[in-house]
Trainee: 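Please find one structure pasted underneath; my questions will follow.
Throughout, a chain's letter reflects where its sequence line sits, starting with A, and its residues are numbered from 1.
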Protein chains: 2
Amino acid sequence: MAQANAGDGTVGKALDALDQVASMGRPVRFAELLEESAYPKATLYRFLQTLTNQGMLSYDARSQTYSLGVRLVRLAHAAWRQSSLAPIARPYVEELAREVQATVHLAQLDGGQVLYVDKQNPSNPINMYSESGKVGPGYCTGVGKAMLAFVDEATLERALTQQTYHRHTENTLCSPQELMEELREIRKTGISFDREEHEMSIICLAVPILSSQDRVLGAISVTNSTHRTSLDELKKFAPILKTCAKNIADTAESWRFPEHDKLAK
Amino acid sequence: MAQANAGDGTVGKALDALDQVASMGRPVRFAELLEESAYPKATLYRFLQTLTNQGMLSYDARSQTYSLGVRLVRLAHAAWRQSSLAPIARPYVEELAREVQATVHLAQLDGGQVLYVDKQNPSNPINMYSESGKVGPGYCTGVGKAMLAFVDEATLERALTQQTYHRHTENTLCSPQELMEELREIRKTGISFDREEHEMSIICLAVPILSSQDRVLGAISVTNSTHRTSLDELKKFAPILKTCAKNIADTAESWRFPEHDKLAK
DNA sequence: TCCCTTTGTTCCAAATAATGAAACTTAATT
DNA sequence: AATTAAGTTTCATTATTTGGAACAAAGGGA
């Protein structure tokens with residue numbers, strides 16, 4: 001867990017400390033943090049105090065441990081509502097999950113990576129933040145490829161360089177060249193597969209959510225395991241997914257961008 | 001949205017700016033933020049740059065707007081899992097909602113405000129203000145008063161000054177004096193009422209969730225409308241609520257602060 | 001077109017806050 | 001009582017932040 005931020009003054013360093021606490025995944029004592037920290041004792045100590053004052057961390061005096069604070073939960077709610085499709089798409093995603101009887105993901109693109117903003121599991125309905133918020137790679141997931149296939153040249157180029165290609169399975173597309181070829185195919189058909197490229201025995205079918213100007217808003221996917229279904233079976237859901245994506249796009253546009261379509265170029 | 005933080009150096013001020021973006025509820029331009037900000041142009045500008053660099057905000061060059069960033073979503077996800085009571089309390093809250101056949105809220109204190117971290121709605125939902133992740137006032141909600149009644153002196157004092165008292169209904173307690181009196185009563189009985197203090201026709205019964213050291217972990221409440229029930233009816237649920245709160249506290253403590261004797265050399 | 005206004009960005013000397021080694025205080029252990 | 005480890009405070013030095021003002025860029029009329 002390296003301290004990656006030399007760049008951004010005090011704020012950056014304090015956020016480093018915050019990340020460090022987050023990465024532990026449990027309440028931690030000062031000494032534990034100090035061991036791994038790049039900062040001296042007194043400095044780290046003050047960061048933790050400040051973050052605690054600010055509600056970004058909370059400190060339990062009894063066990064002398066720091067954990068993430070409630071202010072973050074509040075910010076999460078705001079983030080989820082204002083910069084994600086999730087609240088708008090929720091009813092469509094729910095309906096889709098019922099129809100296909102499998103896990104449905106709603107994702108958005110952020111800097112080459114896939115951010116899952118909602119997930120519906122027909123057997124285990126309603127979980128608010130429990131799964132949304134996770135981040136995955138763009139180059140080897142169904143939703144990632146679906147979105148990358150339709151973004152503009154500049155965004156794509158930037159995204160491609162931001163990937164850290166890693167051969168998760170034998171099917172993973174590990175180079176920009178392979179990926180570009182795949183993306184061309186996806187652009188033609190409008191659907192994207194994950195052929196066990198990220199995780200063995202996990203396959204998925206994804207489609208992009210496109211605005212009326214073909215701007216990429218996000219993607220939805222239906223995921224299953226090879227033990228329960230096959231790619232050919234999944235492919236049958238393509239029309240339902242496309243309809244769902246269209247519905248989400250329409251709703252999103254009328255709701256979030258009431259007036260702002262002056263693309264015109 | 002006042003800039004309440006003079007206290008915490010650069011980090012606190014930068015987090016102010018972050019909150020400000022969050023509070024707008026939509027992508028915002030620099031000028032909009034500047035208008036409401038306590039900080040001078042150049043200063044605010046640098047905060048936004050830093051936060052964007054750090055991934056806490058994201059900047060859309062096309063519309064020149066800032067919104068909340070992915071890093072925040074990621075942190076928040078971790079926060080919800082490891083630091084909110086929601087995942088731990090979920091089964092108890094569900095059971096309670098079934099037993100009382102009404103809406104159950106789980107809340108935590110954030111500054112002087114109430115943060116709803118979970119909500120269970122049994123069969124027939126009634127319309128009201130609150131959703132998990134949402135924030136409400138501390139001085140005029142059942143859960144808010146239940147928690148404030150049991151926090152330590154210092155926290156209470158800070159919380160009281162952070163309220164922006166507003167007479168939502170004719171029953172609202174609008175001054176620290178009235179509130180303090182009510183809190184004393186709550187401390188005696190261990191239960192707190194919302195007598196249509198926040199919203200007309202909405203009443204609720206709440207109890208605090210206290211650790212074994214009497215630290216306030218959160219609060220749970222059962223809410224209903226005056227058309228369906230009365231305060232006297234609600235009062236009958238007090239024992240069930242107290243048991244539920246106790247269960248949540250016990251589980252939280254054993255889950256989050258496991259005894260660590262195994263660390264002998 | 002030009003001029004004017006609004007909005008966003010950069011500069012830099014002064015003011016302020018951060019830094020971190022070391023001293024100090026607990027709390028626990030021997 | 002002595003030893004050790006963990007957490008907290010101090011303070012002179014150093015580095016960052018600050019913010020007024022200048023600058024640039026993007027509209028927007030007439």
Trainee: Which label fits His105(B) and Tyr116(B): parallel for a plane angle under 30°, tilted from 30 to 60°, or perpendicular past 60°?
Mentor: tilted

Trainee: Consider only side-chain N and O atoms of Thr50(B) and Asn53(B), and report whether a donor and an acceptor are under 3.5 Å apart.
Mentor: no

Trainee: Can you measure Glu35(B) atom CD to dT6(C) atom C1' for me and round it to whole angstrom units?
Mentor: 12 Å

Trainee: Rounded to the Å, how far apart are Leu33(B) CG and dT7(C) P?
Mentor: 13 Å

Trainee: Counting just side-chain N and O atoms, does Arg29(A) come under 4.0 Å of either OP1 or OP2 of dA6(D)?
Mentor: no

Trainee: Figure out the CD/P separation between Gln64(B) and dT6(C), and round it to whole Å.
Mentor: 16 Å

Trainee: Would you kindly give the CD-to-P distance between Gln49(B) and dC11(C), to the nearest whole Å?
Mentor: 12 Å

Trainee: Between P on dT9(C) and CG on Leu48(B), what's the gap in Å once rounded to a whole number?
Mentor: 10 Å

Trainee: Tell me the bend of the helix from dT1(C)-dA30(D) to dT30(C)-dA1(D) as the angle between end helix axes, each from five pairs, rounded to the nearest 10 degrees.
Mentor: 30°

Trainee: Supply the atom-to-atom distance Tyr59(A) OH to Gln64(A) CD, rounded to the nearest 0.5 angstrom.
Mentor: 4.5 Å

Trainee: Quick one: Leu44(A) CG to dA6(D) C1', roughly how many Å, whole number?
Mentor: 13 Å

Trainee: Between Glu32(B) and Arg29(B), does at least one N-O distance fall below 4.0 Å, as a salt bridge requires?
Mentor: no

Trainee: What does nucleotides 13-20 of chain C look like as a protein-contact string, B for base, S for sugar-phosphate only, - for none, at under 4.0 angstrom between heavy atoms?
Mentor: ----SSBB

Trainee: Regarding Arg74(A) and Asp110(B), does a basic nitrogen lie under 4.0 Å from an acidic carboxylate oxygen?
Mentor: yes

Trainee: State the NZ-OG distance between Lys13(A) and Ser37(A), to the nearest 0.5 angstrom.
Mentor: 11.0 Å

Trainee: Taking OH from Tyr45(B) and P from dC23(D), how many angstroms apart are they, rounded to a whole number?
Mentor: 17 Å

Trainee: How long is the line joining OH of Tyr59(A) and P of dA6(D), in whole Å?
Mentor: 14 Å

Trainee: Considering only NZ, NE, NH1 and NH2 on the basic side and carboxylate oxygens on the acidic side, decide whether Asp152(B) and Arg215(B) come within less than 4.0 Å.
Mentor: no

Trainee: Regarding Thr52(A) and Tyr66(A), do their side chains bring together a donor and an acceptor under 3.5 Å, going by distance alone?
Mentor: no

Trainee: So which heavy atom on Ile186(B) is nearest to which on Ser192(B), and how close?
Mentor: CD1-CB, 3.7 Å

